[in-house]
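Owing to the predicted nature of the structure, the values given are computational and were not obtained by experimental measurement. We count residues from 1, following the sequence as given. Computed from heavy atoms alone, side chains included, the values below leave out hydrogens, waters and symmetry copies. All ligand and atom numbering here is 1-based and tracks the order in the structure.
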Amino acid sequence: MPALVLLGAQWGDEGKGKATDLLGGSVDYVVRYQGGNNAGHTVVVGDQKYALHLLPSGILSPGCTPVIGNGVVVDPSVLLSELSGLNERGVDTSKLLLSGNAHIITPYNVTVDKVTERFLGKRKIGTTGRGIGPTYADKINRVGIRVQDLYDESILTQKVEAALDVKNQVLTKLYNRRAIAVDQVVEELLGYADKLAPYVSDTVLVLNQALEEDKVVLFEGGQGTLLDIDHGTYPFVTSSNPTAGGACTGSGVGPTKISRVIGILKAYTTRVGAGPFPTELFDEDGEALRRIGGERGVTTGRDRRCGWFDAVIARYATRVNGLTDFFLTKLDVLTGWEQIPVCVAYEIDGKRVEELPYSQTDFHHAKPVYEMLPGWNEDISKAKSFGDLPKNAQAYVKALEEMSGAPISAIGVGPGRDETIEINSFL
Ligand code: GDP
Ligand code: IMO
Ligand code: MG
């Protein structure tokens, strides 16, 4: 059994942490391949709730090796505090592997993220303020700092100098901020070197050797398809590739090794931050989804914007990721509505459009075309099989499956590990 990818099919927060944790006990490695601590993945095990930002959700499964791949951007202070937080709760984190090629989120990247957002004013992206975009920008500009640079003081100093050369000009002259001292940054970063050393490894080699030995590798995406820098609602996106291809570049595992790509799909839609969202609700239904679904950001504590299910987006996710399966989450949240609207197409300038328009202007003008599906009132949180669901809930799932273009292989009916209906096995 080769490699599987598990990723967000919408705008993030679909329940990737729960789905990864569910599979964590049956896989050998769980790998984060992009993003950083902008992610907030919730895992509920029994009465314990964990919020993971940088660590792969597999860290909670004792037999599984968690890996932070080369495509991730790592804030060392966040990583170390996440590790010590888990250690205090009795979770063994000693198996963690951290790619020496992963880029480091430096303090100046965080500053630039916050200052840029403030400068954009009402045109801001609504980033998480964690330095994600500026760190990826440095990577692409070839002035990034990598984990391995922490082990060569002279190279580290030269690289920080190079990175701050232009940034300090911008910070002082454009943003009216104080310049950042090279020495201070270097000293802070060197302070992390010994603490991170036990985890640093050649993760590309480790993962490829594992696959040759028939070990099972699960890639856990951060964010979601519509937040992808290439395939998302640019510029209202994150600065990495959460889509399936990102699993390859962000880990050094070739596409021929990947056998399954699972899209995590919420039974309705949410979004955090700015940007278009055709099915967004501004009425009491939106408020009810937020309240019942607990739709508040794990990372920033912001209220999530809520709306009905959008099948156009789900179809798009199937296409750009080559999805083999969906894991439908939070079906239980929809219990109690008499009728549930589902967006089946858009109306753009008076024309019906079935697929996501490539033009940003068109997408901003897209109005949802709804089909009404009958709701249910029965509590479904104890359902263990598809047959346990009320007829209308079954019909809702079947309708979504038909519209979305890939089989729904699991259904979440609550946040806990066991609150899941498995239809087709993923392994
Ligand atoms: P992620 O970023 O994709 O991992 O998702 P988040 O953790 O940010 O948000 C998903 C939220 O929904 C978390 O609070 C989960 O505990 C919760 N959750 C996941 N699956 C289900 C489900 O099937 N039903 C309910 N009610 N909650 C769920
Ligand atoms: P998980 O992994 C939801 C959003 C931010 C903002 C945009 C850019 O928990 O699903 P960034 O800080 O990445 O530059 O912000 O992306 N965003 C997320 N939204 N879930 C996430 O992660 C997100 N990570 C970033 O709100 O709109
Ligand atoms: Mg989240």
- Message: Between Asn241 and Tyr33, do the side chains contain a donor N or O and an acceptor N or O under 3.5 Å apart?
- Response: no
- Query: Taking heavy atoms and a distance under 4.0 Å, where does Thr42 meet ligand 1: side chain, backbone, both or neither?
  - Reply: both
- Message: Within ligand 2, which atoms have a heavy atom of Ile125 less than 4.0 Å away?
- Response: 27 (O)
- Any side-chain heavy-atom pair from Thr299 and Asn38 closer than 4.5 angstrom? no
- Do Thr20 and His41 come close enough that some side-chain heavy atom pair is under 4.5 Å? no
- Would you mind listing which atoms of ligand 2 come within a distance below 4.0 Å of any non-hydrogen atom of Gly40? 1 (P), 9 (O)
- Task: Name the closest protein heavy atom to atom 13 (O) of ligand 2, giving the residue it belongs to and the distance to 0.1 Å.
- Result: Thr238 OG1, 2.6 Å
- Query: In terms of atom number and element, which parts of ligand 2 are under 4.0 angstrom from non-hydrogen atoms of Ala39?
  - Reply: 1 (P), 2 (O), 9 (O), 22 (O)
- Message: Looking at ligand 2, would Gly8 count as a contact under a 4.0 Å heavy-atom criterion?
- Response: no
- Query: To the nearest 0.5 Å, what is the distance between CD (Glu378) and OG1 (Thr335)?
  - Reply: 8.0 Å
- Is there a nitrogen or oxygen of Gly15 sitting under 3.5 Å from a nitrogen or oxygen of ligand 1? yes
- Query: Any ion pair linking Lys16 and Glu220 (charged N to carboxylate O, less than 4.0 Å)?
  - Reply: no
- Item | Pair Arg130-Thr128, side-chain donor/acceptor within less than 3.5 Å | no
- Query: Are any side-chain N or O atoms of Glu295 and backbone N or O atoms of Cys306, one a donor and one an acceptor, separated by less than 3.5 Å?
  - Reply: no
- Item | Carboxylate-amine/guanidinium contact Arg290 Glu287, below 4.0 Å | yes
- Message: Show the atoms of ligand 2 that are less than 4.0 angstrom away from any heavy atom in Trp11.
- Response: 3 (C), 19 (N)
- Nitrogen or oxygen of Gly40 less than 3.5 angstrom from that of ligand 1: yes
- Message: Side chains of Asp325 and Asn424 only: does a donor on one sit below 3.5 Å from an acceptor on the other?
- Response: no
- Message: What I'd like to find out is whether the side chain of Pro278 reaches to under 4.5 Å of the side chain of Asp310, using heavy atoms alone.
- Response: yes
- Message: Which of the numbered atoms in ligand 2 are under 4.0 angstrom from any heavy atom belonging to Gly222?
- Response: 2 (O)
- For the pair Phe119 and Tyr175, name the ring-plane relationship: parallel under 30°, tilted 30 to 60°, perpendicular over 60°. perpendicular
- Output the atom name for the N/O/S atom of Asp13 with the smallest distance to the Mg ion (ligand 3). OD1
- Query: Does Glu14 approach ligand 2 within less than 4.0 angstrom via side chain, backbone, both or neither, non-hydrogen atoms only?
  - Reply: neither
- Pair Asn109-Thr135, side-chain donor/acceptor within less than 3.5 Å: yes
- Task: Compare all side-chain heavy atoms of Thr42 with those of Lys18 and state whether any distance is below 4.5 angstrom.
- Result: no
- Heteroatom distance test (Glu14, ligand 1): nitrogen or oxygen, under 3.5 angstrom: yes
- Gly297 near the Mg ion (ligand 3) via N/O/S, less than 2.8 Å: no
- Proximity of Lys266 to ligand 1 by residue part, where a heavy atom lies under 4.0 Å: neither
- Task: Would you indicate which of Gly273, Gly126, Gly297 comes nearest to atom 5 (C) of ligand 2 when only heavy atoms are counted?
- Result: Gly126
- Message: One thing to verify: whether Arg304 and Asp13 come together as a salt bridge, which I'm taking to mean a side-chain N less than 4.0 angstrom from a carboxylate O.
- Response: yes
- Task: Under 4.0 Å from a heavy atom of Lys18: give me the atoms of ligand 1 that qualify, with their elements.
- Result: 19 (C), 20 (N)
- Item | Side chain, backbone, both or neither: the part of Asp332 lying under 4.0 Å from ligand 1 by heavy atom | side chain
- Taking distance alone, with no angle check, do Ser239 and ligand 2 share an N/O pair under 3.5 Å? no
- Message: Minimum distance, heavy atoms only, to atom 16 (O) of ligand 1: which one of Ala267, Gly8, Pro415 is it?
- Response: Pro415
- Candidate with minimal heavy-atom separation from atom 27 (N) of ligand 1, of Lys330, Arg304, Glu419: Lys330
- Query: Nearest to atom 12 (O) of ligand 2, what protein heavy atom do you find, and at what distance?
  - Reply: Thr128 OG1, 2.6 Å
- Task: Return yes when Gly294 approaches ligand 1 closer than 4.0 angstrom through a heavy atom, no otherwise.
- Result: no
- Can you find a side-chain donor-acceptor pair between Thr233 and Arg271 that sits under 3.5 Å? yes
- Could you list which atoms of ligand 1 come closer than 4.0 Å to a heavy atom of Val298? 8 (O)
- Donor + acceptor pair across side chains of Thr238, Gln223 (<3.5 Å): no
- Query: Which of the atoms in ligand 1, numbered in the order shown and given with their element, are less than 4.0 Å from a heavy-atom of Gly17?
  - Reply: 4 (O)
- Proximity of Lys16 to ligand 2 by residue part, where a heavy atom lies under 4.0 Å: side chain
- Item | N/O separation below 3.5 Å, Lys16 to ligand 1 | yes
- Just checking, is any N or O donor in the side chain of Tyr370 or Gln339 under 3.5 Å from an acceptor N or O on the other one? no
- Message: Could you tell me, atom by atom, which parts of ligand 2 come under 4.0 Å of a heavy atom of Arg302?
- Response: 5 (C), 26 (O)
- Note on the structure: The answer for which part of Leu331 has a heavy atom under 4.0 Å from ligand 1 is neither
- Give a yes/no on ligand 1: does His53 have at least one heavy atom closer than 4.0 angstrom to it? no
- Can a non-hydrogen atom of Gly414 be found less than 4.0 Å from any atom of ligand 1? yes
- Query: Does ligand 2 have a heavy atom under 4.0 Å from the side chain of Arg130, from its backbone, from both, or from neither?
  - Reply: neither
- Query: Can you find a pair of side-chain heavy atoms, one from Gln34 and one from Tyr136, that are under 4.5 Å apart?
  - Reply: yes
- Asp92 and Ser94: side chain donor to acceptor below 3.5 Å: yes
- Task: Return yes if a side-chain donor-acceptor contact under 3.5 Å exists between Asp285 and Trp337, otherwise no.
- Result: yes
- Task: Tell me which protein heavy atom sits closest to atom 15 (O) of ligand 2, plus the residue, atom name and distance to 0.1 Å.
- Result: Thr127 CA, 3.3 Å
- Where is the nearest protein heavy atom to atom 10 (C) of ligand 1: which residue, which atom, and how far? Asp13 O, 3.8 Å
- Quick one: which ligand 1 atoms are inside 4.0 Å of a heavy atom on Gly412? 23 (O)
- Heavy-atom proximity to atom 17 (N) of ligand 2 ranks first, among Leu227, Asn38, Val73, for Leu227
- Note on the structure: Note: heavy atom closest to atom 22 (O) of ligand 2, options Gln223, Arg304, Gln34, Arg32, belongs to Gln223
- Message: Quick test of your reading of the structure: of Thr299, Val272, Asp113, Val237, whose heavy atom lies closest to atom 7 (C) of ligand 2?
- Response: Val237
- Query: Does some side-chain heavy atom of Val31 sit less than 4.5 Å from a side-chain heavy atom of Val253?
  - Reply: no
- Message: List ligand 2 atoms under 4.0 Å from Asp13, heavy atoms only on the residue side.
- Response: 1 (P), 3 (C), 9 (O), 10 (O), 20 (N)
